[in-house]
Amino acid sequence: MQIPVFTVDVFTNRPFFGNPAAVCLLENDLDEDLHQKIAMEMKLSETAFIRKLHPEDDFTISSCFGLRWFTPANEVPLCGHATLAAAAVLFLVQKNKNSVLTFVTLSGELRARQVEDHIVLDLPLYLTYPQVLQEVEELIKAAVGDMVVQDLRYSPGTKKLLVRLSDAYERSVLEELQVSAQRFLSAEKTGKVKGLILTLKGNSSGKHKGYDFYSRYFAPWYGVLEDPVTGSAHAVLSSYWSEQLGKKEMLAFQCSRRGGELKISLRNDGRVDIAGRVAIVLKGNLTF
């Protein structure tokens, strides 16, 4: 059996930066256990599987497909960067001519479109609510030590904890912070946190001017110690920073070692457009 497979670096136009995802094109149904085995083989934070919804569908002509995402450990309900990677393979490799692609997923229908050199994802926007420090104090300590935390929010829709560091810190402080995400597993006692976002307000002056906010994202609960650039985390960050900054259009940078840039636009229908560039770095076949 042969399955076309691609590696796409997302939220960057430079190979080996941004967030890599594997994308598999499934002409036929795949045995359930093989999804996980392939994701383990690819060893990237996410492997996306695009499947036809009807036998007569065509990757070049059709506009609606099924989409699932697997980490090396398990299936996940939403992955922004792997959805963008899937759209990139259809638009740029398969030369799909539709203006909008629809993916049927565990998080409902997600849409992607091309706008110049960006691919734009239409994602759900997740609200955050104030979080009591005492409940998660040990987790915060494990993440940032004695650094000053300016705000603490929880997103029940995604089970993500948002930790905003003091505005007094520079971007370099967030970039250089040594985080042992494996320690989060024992430090998190509530059972309700499955992802931790560290975020910092952008700087309107200096060499990094132009970014509205910065972030890093950790998900050891899903087997991902640190994710390079995370679309789903920005579905949470977008609602928070829009409220804080009074803006609907924002530019964000995720400060992982690989780094990545996201263009954000809050829509009037309670969703968010998250746009990024891509670099396709590998094309081949899985053979088994």
Side-chain angles (χ1 to χ4, degrees), residues 1-12 15 18-115 117-124 222-224 227 231-232 274-288:
M1 189 173 182
Q2 284 206 332
I3 293 175
V5 64
F6 308 86
T7 300
V8 185
D9 291 341
V10 178
F11 297 120
T12 182
N19 201 351
V23 178
C24 295
L25 288 177
L26 302 181
E27 289 284 350
N28 304 294
D29 284 344
L30 190 64
D31 288 351
E32 192 59 29
D33 66 318
L34 283 173
H35 294 82
Q36 193 62 66
K37 286 178 178 171
I38 289 170
M40 288 172 69
E41 186 78 11
M42 299 311 293
K43 284 191 173 63
L44 293 173
S45 63
E46 307 284 349
T47 297
F49 295 88
I50 308 174
R51 70 184 185 282
K52 296 178 176 181
L53 296 176
H54 309 99
E56 66 274 15
D57 284 352
D58 184 290
F59 289 124
T60 303
I61 298 164
S62 304
S63 64
C64 190
F65 302 94
L67 184 65
R68 295 172 72 182
W69 312 276
F70 287 77
T71 75
N74 51 345
E75 185 171 13
V76 293
L78 177 65
C79 179
H81 87 277
T83 305
L84 210 143
V89 167
L90 293 171
F91 281 134
L92 304 176
V93 180
Q94 299 298 124
K95 307 297 183 194
N96 192 294
K97 295 293 186 281
N98 290 287
S99 56
V100 179
L101 295 174
T102 301
F103 295 110
V104 178
T105 80
L106 288 177
S107 289
E109 290 191 354
L110 303 179
R111 288 171 184 80
R113 65 186 191 275
Q114 260 185 303
V115 178
D117 63 343
H118 285 69
I119 292 173
V120 183
L121 278 188
D122 161 7
L123 292 177
Y222 285 122
V224 180
D227 200 34
S232 60
I274 295 180
R277 292 178 292 188
V278 298
I280 297 172
V281 295
L282 182 140
K283 301 176 185 179
N285 288 294
L286 285 162
T287 308
F288 53 92

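All figures in this text were calculated on a predicted structure; none of them were measured in a lab. Nothing fancy with the numbering, it's 1 onward along the sequence. When reading the values below, keep in mind they use all heavy atoms of this one structure, side chains included, and skip hydrogens, waters and symmetry mates.
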Smallest separation among heavy atoms of C24 and I3, with atom names: CB-CG2, 3.9 Å
Euclidean distance, F11 CZ relative to H81 NE2, rounded to 0.5 Å: 8.5 Å
Shortest non-hydrogen contact between A88 and I119, atoms and distance: CA-CD1, 3.5 Å
Side chain to side chain, L123 and L110, heavy atoms closer than 4.5 Å: yes
From L286 atom CG to I38 atom CD1, the distance as rounded to the nearest 0.5 Å: 5.5 Å
Intermediate values then yes/no, side chain to side chain contact (heavy atoms under 4.5 Å, CB included), L84 and V278: CA-CA 8 Å; L84 210 143; V278 298; 3.3 Å; yes
Exceeds 12 heavy-atom contacts within 6.0 angstrom, atom CD of E41: no
Distance-minimising heavy-atom pair for Y222 and P77: OH-CD, 4.3 Å
Sidechain-backbone polar pair: T71 side chain, S45 backbone, donor-acceptor under 3.5 Å: no
Atom CE of M40 with >12 non-hydrogen neighbours under 6.0 angstrom: no
Full working for side chain to side chain contact (heavy atoms under 4.5 Å, CB included) between R113 and L101: CA-CA 6 Å; R113 65 186 191 275; L101 295 174; over 6 Å; no
Side chain proximity check, Q94 to L25, heavy atoms < 4.5 angstrom: yes
Within 6.0 angstrom of D58 CG, more than 12 heavy atoms from elsewhere: yes
Min side-chain heavy-atom separation V23-F49 under 4.5 Å: no
Distance, nearest 0.5 Å, that separates CE of M42 from CG of L282: 6.5 Å
Charged tip of K52 within 45° of F59 ring normal and under 6.0 Å: yes
Check: T102 side chain, R111 main-chain N or O, donor-acceptor pair, under 3.5 Å: no
Nearest heavy atoms of A85 and A21, plus distance in Å: CB-CB, 3.9 Å
Test item: L67 and T83 side chains (from C-beta on) under 4.5 Å apart, heavy atoms: yes
Side-chain donor or acceptor of K283 paired with backbone N/O of V281 under 3.5 Å: no
Distance-only donor-acceptor check, side chains W69 and T105, under 3.5 Å: no
Aromatic plane relationship, F70 with H35 - under 30° parallel, 30 to 60° tilted, over 60° perpendicular: parallel
Derivation and outcome, side chain to side chain contact (heavy atoms under 4.5 Å, CB included), residues R277 and V10: CA-CA 6 Å; R277 292 178 292 188; V10 178; over 6 Å; no
Closest approach of S63 to V100 (non-hydrogen atoms, all atoms of both residues): CB-O, 3.9 Å
Which atom of N96 lies closest to which atom of S62, heavy atoms considered: ND2-O, 2.8 Å
Donor-acceptor pair between N19 and D9 side chains, under 3.5 angstrom: no
Check: A112 main-chain N/O paired with D122 side-chain donor or acceptor under 3.5 Å: no
Carboxylate-amine/guanidinium contact R68 E32, below 4.0 Å: yes
From CA spacing to verdict: side chain to side chain contact (heavy atoms under 4.5 Å, CB included), K97, I61: CA-CA 7 Å; K97 295 293 186 281; I61 298 164; over 6 Å; no
Flag side-chain contact, heavy atom, 4.5 Å: I280 against T7: no
Heavy-atom check, side chain of L92 versus side chain of Q114, under 4.5 Å: yes
